[in-house]
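Written out below as structure tokens is the structure these notes cover.
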Amino acid sequence: MIEHVEVTAYGRPATEALARAITAAKSIHALTPVTVIVPSNFAGLVARHLLGGGLAGQAGVANVAFLTPFRLAELLTAELMFDGRALSNPVLGAAVRRALSDDPGPYRAVADHPATEAALARRFAELSNLSTDATAALVVQGGAWAAEAFGFQRAISSGLAAFHDEATMARRAAGRPDLVTVLEPFGHVMWFLPEPSTAPICQFIGATLRAV
């Protein structure tokens with residue numbers, strides 16, 4: 001259940017608000033577990049540094065974890081994903097290059113350019129985040145562009161059977177029937193500096209905050 005939402009200015013005021021929330025969560029015991037969902041590892045590092053400097057008082061950052069949504073989803077699905085590994089950017093890049101090598105299609109003239117690989121990797125990530133209904137709608141309404149895009153999507157996916165992307169992990173974590181139970185070790189969960197994200201990640205964070 002979402003107990004409290006605080007709107008504050010970006011920067012130090014936001015970190016001070018986080019410090020107050022952590023202090024309140026640790027009011028009974030300094031080692032009460034707290035998990036802070038952060039937009040990036042860098043944001044978590046900065047927050048930890050500031051909080052460690054005394055913003056959170058005696059509570060400090062003992063037993064406080066700073067996790068990105070992706071990392072939290074990864075932890076919550078670890079035993080569900082035993083048949084594969086998390087998809088990394090280098091692995092995705094290799095799958096894109098293989099698909100281009102097998103059949104470059106309309107990208108034949110630029111198949112060897114790094115910008116082509118980067119653009120197709122970004123598009124793969126974007127299309128992976130679409131729901132089943134959205135994908136079906138694009139296939140019907142997108143015409144030739146959609147046929148090419150999803151055709152190449154399938155070609156890239158064929159080389160990634162042993163890996164799980166962010167969207168898959170987020171959906172599986174959000175859909176766990178025992179989500180309340182598996183979140184218990186994470187203690188108080190706080191979402192720090194929310195920012196626009198993909199639909200699967202937003203659904204996962206929403207399910208997490210309702211479950212704690």
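Along the sequence shown, residues are numbered consecutively beginning with 1. Since this is a predicted model, take the numbers as computed values, not measurements.
- For the pair I156 and L92, the minimum side-chain heavy-atom distance is below 4.5 Å.
- When side chains are defined from C-beta on, L51 counts as touching L18, because their heavy atoms get closer than 4.5 Å.
- Other residues sharing a hydrophobic cluster with F150 under the 4.5 Å side-chain heavy-atom criterion for ILVMFWY residues are L127, L130, L138, V139.
- More than 12 heavy-atom neighbours from other residues, nucleotides or ligands sit within 6.0 angstrom of CG on D178.
- H49 contributes atom NE2, which lies 8.5 Å from atom CG of L45 (distance to the nearest 0.5 angstrom).
- Shortest non-hydrogen contact noted between A47 and F66 is CB-CE2, 3.9 Å.
- A heavy-atom distance below 4.5 Å is not found between the side chains of I22 and F192.
- Rounding to the nearest 0.5 angstrom, the gap separating the OG atom in S197 from the CD1 atom in I205 is 6.0 Å.
- Taking hydrophobic clusters as Ile, Leu, Val, Met, Phe, Trp and Tyr residues chained together by side-chain heavy-atom distances below 4.5 Å, M190 shares a cluster with Y10.
- Donor-acceptor pairing under 3.5 Å is lacking for the side chains of E16 and T8.
- F152 and Y107 have their aromatic ring centers within a separation under 6.0 angstrom.
- Atom CD1 of residue I201 and atom OG1 of residue T68 lie 8.0 Å apart, to the nearest 0.5 angstrom.
- Between R123 and E126, no side-chain nitrogen of the basic residue sits less than 4.0 Å from a carboxylate oxygen of the acidic one, so the salt-bridge criterion is not met.
- Across every non-hydrogen atom of L50 and R12, the tightest pair is CD2-NH1, 4.2 Å.
- Around atom CG of D102, more than 12 heavy atoms belonging to other residues, nucleotides or ligands sit under 6.0 Å away.
- With sequence neighbours excluded, the residues that form a side-chain contact (heavy atoms from CB on, under 4.5 Å) with T32 are K26, H29, H188.
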